Structures are given as structure tokens and as C-alpha cells.
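Accompanying notes for the structure given below.
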Amino acid sequence: MSRVPITLACWDYDRTQALADGSVRPEGVDLTYLCLPVEETFFRMLRHREFEAAEMSLSSYVTGLAADQDNRKLVAIPVFPSRAFRHNGIYVHSGSGIEKPSDLVGRVVGVPEYQLTAVVWIRGILAEHHDVPVASVHYRTGGMHQPGRVEKQALNLPPEIDVRPIGPDRTLADMLVTGEIDALYAPRTPRPLLEGRPEVRRLFADPRAAEEQYAAETGIFPIMHVVVLRREVYQERRWLARSLYTAFERAKAATEQRMGETAANRYMLPWLYDEVERTRRLLGEDFWPYGLEPNRATLEVFLRYAHEQGLTARRLRPEELFAPETWESYVI
């Protein structure tokens, strides 16, 4: 029986290495792993549906799903190739007078796009845990280091949320340096901070401590990306959802095994063994779970944030995101 050719666009992750090198093969699938930067993958999949399967921004997927209930173009499987804590992604102009999160109220804050997953998490965390209501901030959108970035999808936000683009020849990084914006929420570190510019600093002086405290208090390790299939590909062969899900699980398991190796360092981190042990003490043995049920609480929080921030007209349920074939774990 011939295998079904599937092109998967996904970045170069350790947890997907076995899929990229072919040591794990999805059952019934002839997989081509196309390694692309995440922004390019998202844009090409959302605008042109170029791939049978792709890594996708959780927020972009949720926003599109909620806006197009009658003609859903993508369907997800509960695989999360990217997760990240985001307290470290809040940057402020050093002369802004912003010393604590609540000082952000009433300020002008840059975001590459309003709907970015990282930014949804940041706004939600600030609103829920630090008394910074979503509508209390003025948002300015645009490119971080290159002018001209726009929202990947059209948004229909409540009027009380102030979102406007910056000038077509401006960048958020430059505006943070000059103080034209007071702060920046972003998944990538702005270049001025990397260059040691004194005008820019992180809001949280010790973001890891803040992130560990958040994890301990909430049990949440924020999800950034999900894996999607074009709906017509899925509908033609619904077994593909389970086949790909299982393959991603096997690939992650292979990486978890490699991380435990101490005879020789596979990665250029001298204290990796200690980092792995520390992470497991804080987040649990399976700290990067796939599947619906292990991630239900985290997904429910994100879907609540998306609704509260005007990205979805109603609050979606986690089950609505994923192919039913992947809702349950099989015990063999």
C-alpha cells in the first residue's frame, strides 16, 4: 500500500528532530519535513494554505476558527511544538518611570501584532495577576526591526481597545529607544537590549523568578504553537490526524531520552543535567505534554484570554480546536 505524501512545515526543534531526520515515520505517511522560520510558516499557511500540515500560532488558529465557524479551513491536533513563559517578553523604556506592572496602565505599548500568542498571554497575565486591564493600555502595532508589519488576519475588536499601527517607516525597537512608546510586549528580544542600549530594559529584573512563581501558582506552562492540517486533507483521510499525533509523541519521547544522557553532552549546556532536574521538580516529570486532557486547564485559560481581549466573539471550548480522533489517549 502506498504512503500518503504529506508536507509538514515546522521549525528546527529538538522535539521534532526525529520527524525531520526520518527516524520516526508517521504510519501510512511519506513525510517531507520543510524547516522554515515560524513567521514564514504562519503567513504562508494562513494566506495560501501551501502545506498539508504546519506549525501554527495558537492565537492565529483560534482567531480564525472563531471568525469562520461555517467554513473552517484548518483543523488542529493537540501537539504543541512551542511553549514559553513570557514575563521576560515585557520591555520598557528606561526613562518611562515604569517600575512595576501596574505602572503600565495608561501607557503606550508596542506589539508586533495585537493577536500574537505571546502578546495574548502577556496581556492576560498582566490583567489577571498584576491589575493591568487590557483596555487600560494604548497598543501600537508594527515591525520590531523592519518597518511594515501588519496583522496576519483582520480583527474586529471592541471600541474600548485602542490599537493603531505605527508609521510605515518606523520600527518598534527604535520607538522604544526614543521613548515614543513606553513599553514593548514581544516574543523576540529587541535588538537594542541585545546591544546593551541603556534606554531599554526588561520590566521584571529577574524574569525567571517571576516565571517560576507564576508556574508554581498556576500550574501553567504557556502554549505558543499548535500543529494544523488543511481541513480538506483531514476530511479525505481522517486517520492522518491520529497518525501525525502519534508520530509527534514518539519524536518528543526520543528527545526526552536524549536529554537524560550524561555520559557525553549532546547540547552545548554544561549543566543541562541540573536544568532538566530543576525543571522537572517545578513543572513535573512530563513538563511538555501533548494531548487534550493534560493541557485542558492551560487551553481554557488561553481561550478565556482570547475572548476577554476581543479576539473571539465567544469563548471556545478546548475540544473545538482539535480533531476528535485525537481527544483521547489510547492505552495499549
Side-chain angles (χ1 to χ4, degrees), residues 6 8-11 13-20 23-29 31 33 38 52-62 65 72 74-85 117 120-121 215 218-231 233-235 237-260 276 279-306 315-332:
I6 295 290
L8 167 69
C10 193
W11 195 52
Y13 297 112
D14 61 350
R15 45 221 172 258
T16 60
Q17 179 183 334
L19 291 171
S23 56
V24 168
R25 299 176 66 189
E27 290 187 8
V29 172
L31 186 70
Y33 191 106
V38 294
E52 284 82 18
E55 176 181 9
M56 178 53 61
S57 153
L58 176 61
S59 179
S60 295
Y61 174 63
V62 166
L65 191 68
R72 297 178 176 183
L74 302 172
V75 61
I77 60 176
V79 166
F80 312 108
S82 177
R83 309 176 83 119
F85 293 101
T117 307
V120 175
W121 278 112
T218 67
I220 291 174
F221 184 6
I223 293 169
M224 296 293 130
H225 302 168
V226 70
V227 173
V228 298
L229 288 142
R230 288 207 319 262
R231 184 162 289 275
V233 172
Y234 162 70
Q235 288 178 332
R237 296 180 176 89
R238 293 180 66 123
W239 56 266
L240 281 170
R242 191 75 205 187
S243 178
L244 288 173
Y245 172 77
T246 301
F248 272 99
E249 282 273 29
R250 291 170 55 204
K252 181 169 73 77
T255 294
E256 289 167 340
Q257 185 175 14
R258 288 195 299 268
M259 285 174 58
V276 171
T279 300
R280 285 178 173 154
R281 284 195 300 270
L282 179 64
L283 301 181
E285 193 68 22
D286 184 11
F287 58 84
W288 200 298
Y290 294 165
L292 173 59
E293 287 306 323
N295 292 283
R296 179 179 291 279
T298 298
L299 290 165
E300 286 178 343
V301 170
F302 180 83
L303 293 172
R304 173 166 58 84
Y305 286 169
R315 184 171 164 183
L316 300 178
R317 295 176 294 105
E319 287 87 351
E320 295 180 72
L321 275 57
F322 305 112
E325 294 82 2
T326 64
W327 287 358
E328 298 176 334
S329 296
Y330 299 158
V331 179
I332 299 176

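The model shown is predicted, which means the values in this text are computed figures rather than measured ones. Scope of the values below: all heavy atoms of this structure, side chains included, with no hydrogens, waters or symmetry mates. This chain uses plain numbering: 1 for the first residue, then up along the sequence.
Rounded to the nearest 0.5 angstrom, E249 CD and I77 CD1 are separated by 9.5 Å. Rounded to the nearest 0.5 angstrom, E325 CD and S243 OG are separated by 12.0 Å. Separating the CD atom in Q235 from the CG atom in L229 is a distance of 11.0 Å, to the nearest 0.5 Å. The structure places CG of L65 at 4.0 Å from CZ of R72, a figure rounded to the nearest 0.5 Å. To the nearest 0.5 Å, the span separating CG on L321 from CG on N295 amounts to 11.5 Å. Between atom OG of residue S59 and atom NE2 of residue H225 there is a gap of 10.5 Å, rounded to the nearest 0.5 Å.
Judged by distance alone, with hydrogens and angles left aside, the side-chain atoms of E55 form a donor-acceptor pair with the main-chain N or O of W11 at under 3.5 Å. Side-chain atoms of T255 come within 3.5 Å of backbone atoms of D14 as a donor-acceptor pair (strictly under, hydrogens ignored).
The closest side-chain donor-acceptor pair between Y234 and R238 falls under 3.5 angstrom.
Judged as a ring-ring contact (aromatic ring centres under 6.0 Å, His included), and not counting sequence neighbours, F248 has no contacts.
Tested against F302, the residues F221, Y61, W121 include a single ring pair (Phe, Tyr, Trp, His ring centres under 6.0 Å) partner, W121.
Scanning all heavy atoms of the two residues, the minimum distance from Y245 to P78 falls at CE1-O, 3.6 Å. For the residue pair E328 and R242, the shortest heavy atom distance occurs at O-NH1, 2.7 Å. Here the closest heavy-atom approach between residue R315 and residue E300 is recorded as NH2-O, 3.9 Å. Of all non-hydrogen atoms in P81 and R15, the two that sit nearest each other are O-NE, 2.7 Å. Smallest separation of non-hydrogen atoms from Y13 and S82: OH-CB, 3.8 Å. L303 and P318 get closest at one heavy-atom pair: CD1-N, 3.7 Å.
Within a 6.0 Å sphere centred on CD of E27, other residues, nucleotides and ligands contribute 12 heavy atoms or fewer. Around CZ of R25, the count of heavy atoms belonging to other residues, nucleotides or ligands within 6.0 Å does not exceed 12.
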Do any side-chain atoms of residues 282-291 form donor-acceptor pairs under 3.5 angstrom with protein atoms, and if so which ones, sequence neighbours left out?
residue	atom	partner	partner atom	Å
D286	OD1	K252	NZ	3.4
W288	NE1	F80	O	2.8

Run I6 and V233 through side-chain contact (heavy atoms from CB on, under 4.5 Å) and show every step you take. CA-CA 9 Å; I6 295 290; V233 172; 4.1 Å; yes
Dump the intermediate steps for side-chain contact (heavy atoms from CB on, under 4.5 Å) on V227 and L244, then the final yes or no. CA-CA 9 Å; V227 173; L244 288 173; 5.8 Å; no
Run the numbers on T326 and V79 for side-chain contact (heavy atoms from CB on, under 4.5 Å), then give the verdict. CA-CA 10 Å; T326 64; V79 166; over 6 Å; no
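You'll find the side chain of V29 stays beyond 4.5 Å of the side chain of E52, heavy atoms only. Taking 4.5 Å as the limit, some side-chain heavy atom of E319 sits within range of a side-chain heavy atom of R296.
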